[in-house]
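Input: a single structure, listed below in structure tokens.
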Amino acid sequence: MTRESKYLEPSKEIDVYGEFDVVVVGGGVAGFPAAIAAARNGAKTLIIERFPYFGGTATASLMANINGFRNQKEPDYLQTTKGIGEEVILRLIEARGTGKSPYPAKTTYTDAKGDLSYAFAIDTEKFKYVVLKMVKEAGVHILFHTYFSDVIMEGEAVKGIIIENKSGRQAVFGKTIIDASGDGDVAFRAGVPFWQTVKDEAPRLNDCLMYKVTGFPENHDIHGCQYGNTMVLWGPNAGARNAADADELTDGEIKVRLAVYDDLEEKKKEMPDLQDAWIVETGPLMGVRQTRFIEGLYKITGDDLLEGRRFDDSIAMGSNPIIRFYGYRRFLEHEGYEIPYRCILPKKVDNLLVVGRCMSSDQRAYESWRAMAHVMPVGEAAGTAAALCVKQGVKPKQLDVNALQKRLLEQGAEIGQQGAEIGQQGAEIGQGREKS
Ligand SMILES: Cc1cc2nc3c(=O)[nH]c(=O)nc-3n(C[C@H](O)[C@H](O)[C@H](O)COP(=O)(O)OP(=O)(O)OC[C@H]3O[C@@H](n4cnc5c(N)ncnc54)[C@H](O)[C@@H]3O)c2cc1C
């Protein structure tokens, strides 16, 4: 297939599926909290997702370890993820959907509200179930098996999207669009500037196939995410490639899927407790760690994280280590860093918020905040912001950030120092800063 050849697609009239206040593209750990938050804040919300369940990497790629719920700074460890991210875990615990993470916290916690552990292994099936219930309960309109394929622009504003599914090609209009596709598909089509890691400058994190095994002893020494008698292992790497390119994504999938049984044989040498284990599942999508990063109004940097820099427009907190640059499990030396609202506001394009693993960031910072416990609160902030924009009749870049922060605090989110200051002015953030 020559990439240079072109075909002029004839224009045609298509149906309008609907008009919504907020349209969320992608139902991963960034997208579903965004949809829930938007709907809970009164917005008529649609979420589209190519798979028939939510979770994205967490479920479709079997990334069964969610970490980063609290910092590790002694003595007052702070739970840096609250709000919807915490709610998901609490409901998962209630549904007996958590297992044993390979990354335990230094201290033990009760795993009650406000006292969550650092990391959780999840039963990916229970996760699908719990999250679907939460999205339904919030009153979000859901379209599964639906692929985002293009944007509807008016000048530099996104007015809607084009979707493809069994019903054909249709248009959807939305007052605010949230790109939670992980790869920044909407932003890319809308013309938002973006960057992708250049191999020689800062190698991108590898894509890798996670796989689930069973058939190991009750007492074992296996590094994986355990749920009952199943264990998810980090499997073969696809190498440095660009998973936002269809051919490279396919090549990567072929490589890891052909390597998966050899990978288990290798692991058996390192971890003898796997001797009798066999593979029971691989997800439909290899784990894609990073592709495009948008250029936003602010690009969060590794230095911001290391210094624990404060931002007036903070919407979430993170505290995960930056393993590849600063050592394995070396936690940051402060209580956590803040993530500014401007990181999800793309340059050049209006009516669009971009959340998840493609938000505006440099490589070092990304390697910390990409943890799912950090991605969920940013999604919640985006959904809340989108709903407030609709209520106030403003664009995301015009939104009063203070009003957004107050709303997030009312929802029980943790947003850092700014939250503490707002709390002193009378809102109910105080709880967010307590030792937990
Ligand atoms: C191998 C691997 C190991 C990891 N290890 C950990 C770990 O131990 N702990 C941890 O906390 N985090 C870990 N992470 C990071 C974490 O999983 C991700 O950063 C996070 O899941 C990203 O969430 P997201 O919602 O931004 O993107 P995604 O999970 O990619 O979700 C995007 C969603 O959008 C949908 N979508 C995409 N394009 C379209 C389209 N065009 N139309 C419709 N739908 C679309 C996808 O189907 C998906 O559901 C790991 C990631 C990988 C890949």
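Predicted, not measured: the structure shown is a model, and the values here were computed from it. Atoms within a ligand are numbered from 1 in the order they appear, just like the ligands themselves. Residue numbers run from 1 in the order of the sequence given.
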For [atom], the option (of [options]) bearing the nearest heavy atom:
{"atom": "atom 14 (N) of ligand 1", "options": "Met359, Arg370, Arg189, Arg357", "value": "Arg370"}
{"atom": "atom 29 (O) of ligand 1", "options": "Leu209, Asp179, Thr57", "value": "Thr57"}
{"atom": "atom 16 (C) of ligand 1", "options": "Met376, His145, Met372", "value": "Met372"}
{"atom": "atom 8 (O) of ligand 1", "options": "Val24, Asn65, Val29", "value": "Asn65"}
{"atom": "atom 7 (C) of ligand 1", "options": "Asn67, Ile47, Ile66", "value": "Asn67"}

Could you say whether the N/O atoms of [X] and ligand 1 ever approach to under 3.5 Å?
{"X": "Glu49", "value": "yes"}
{"X": "Arg289", "value": "no"}
{"X": "Gly26", "value": "no"}

Is [Y] close to [X] at the side-chain level, that is, under 4.5 Å between some pair of heavy atoms?
{"X": "Thr291", "Y": "Arg357", "answer": "yes"}
{"X": "Thr45", "Y": "Phe20", "answer": "no"}
{"X": "Arg70", "Y": "Tyr109", "answer": "yes"}
{"X": "Thr176", "Y": "Leu353", "answer": "yes"}
{"X": "Ile162", "Y": "Gln170", "answer": "no"}
{"X": "His145", "Y": "Phe51", "answer": "no"}

Taking 4.0 angstrom as the limit and counting only heavy atoms of [X], give me the atoms of ligand 1 inside it, by number and element.
{"X": "Val288", "result": "53 (C)"}
{"X": "Phe51", "result": "47 (O)"}
{"X": "Arg50", "result": "35 (C), 36 (N), 37 (C), 43 (C), 44 (N), 45 (C), 46 (C), 47 (O)"}
{"X": "Gly287", "result": "53 (C)"}
{"X": "Trp234", "result": "3 (C), 8 (O)"}
{"X": "Gly356", "result": "26 (O)"}
{"X": "Phe148", "result": "40 (C), 41 (N), 42 (N), 43 (C)"}
{"X": "Ala371", "result": "10 (C), 11 (O), 12 (N)"}

One residue to check: [X]. Relative to ligand 1, which of side chain, backbone, both or neither has a non-hydrogen atom less than 4.0 Å away?
{"X": "Thr146", "result": "backbone"}
{"X": "Ser61", "result": "neither"}
{"X": "Phe54", "result": "neither"}
{"X": "Asp207", "result": "neither"}

*asked:* Would you compute the distance between atom CG of Leu409 and atom NZ of Lys82 and round it to the nearest 0.5 angstrom?
replied: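 Atom-to-atom, Leu409:CG and Lys82:NZ are 10.5 Å apart.
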
*For the atom pair NZ (Lys128) and OG1 (Thr124), what is the distance rounded to the nearest 0.5 Å?*
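If I round to the nearest 0.5 Å, the distance is 5.5 Å.
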
*Can we say Arg169 and Asp15 salt-bridge, meaning some charged N sits less than 4.0 Å from an Asp/Glu carboxylate O?*
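So Arg169 does not pair with Asp15 through a salt bridge.
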
*Going by heavy atoms, is Ala180 under 4.0 Å from ligand 1?*
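Within the 4.0 Å threshold, so yes.
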
*Please verify whether a non-hydrogen atom of Asp183 lies at under 4.0 Å from ligand 1.*
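In this structure, Asp183 fails to qualify as a contact of ligand 1 - no heavy atom is under 4.0 Å.
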
*What about Phe311 and Tyr298, are their ring centers closer than 6.0 Å?*
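Distance test on ring centres: under 6.0 Å, yes.
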
*Looking at Phe120 versus Phe69, is the centre-to-centre ring distance below 6.0 Å?*
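Aromatic pair counts; centres sit under 6.0 Å.
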
*asked:* Determine whether Asp185 and Arg292 satisfy the following criterion, salt bridge (charged side-chain N to carboxylate O under 4.0 Å, His left out), listing intermediate values before the conclusion.
replied: CA-CA 9 Å; Asp185 285 4; Arg292 306 181 186 106; 3.1 Å; yes

*May I ask you to decide if the ring planes of Phe293 and Trp195 are parallel, tilted or perpendicular, using 30° and 60° as cut-offs?*
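Because their plane-to-plane angle is under 30°, the rings of Phe293 and Trp195 count as parallel.
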
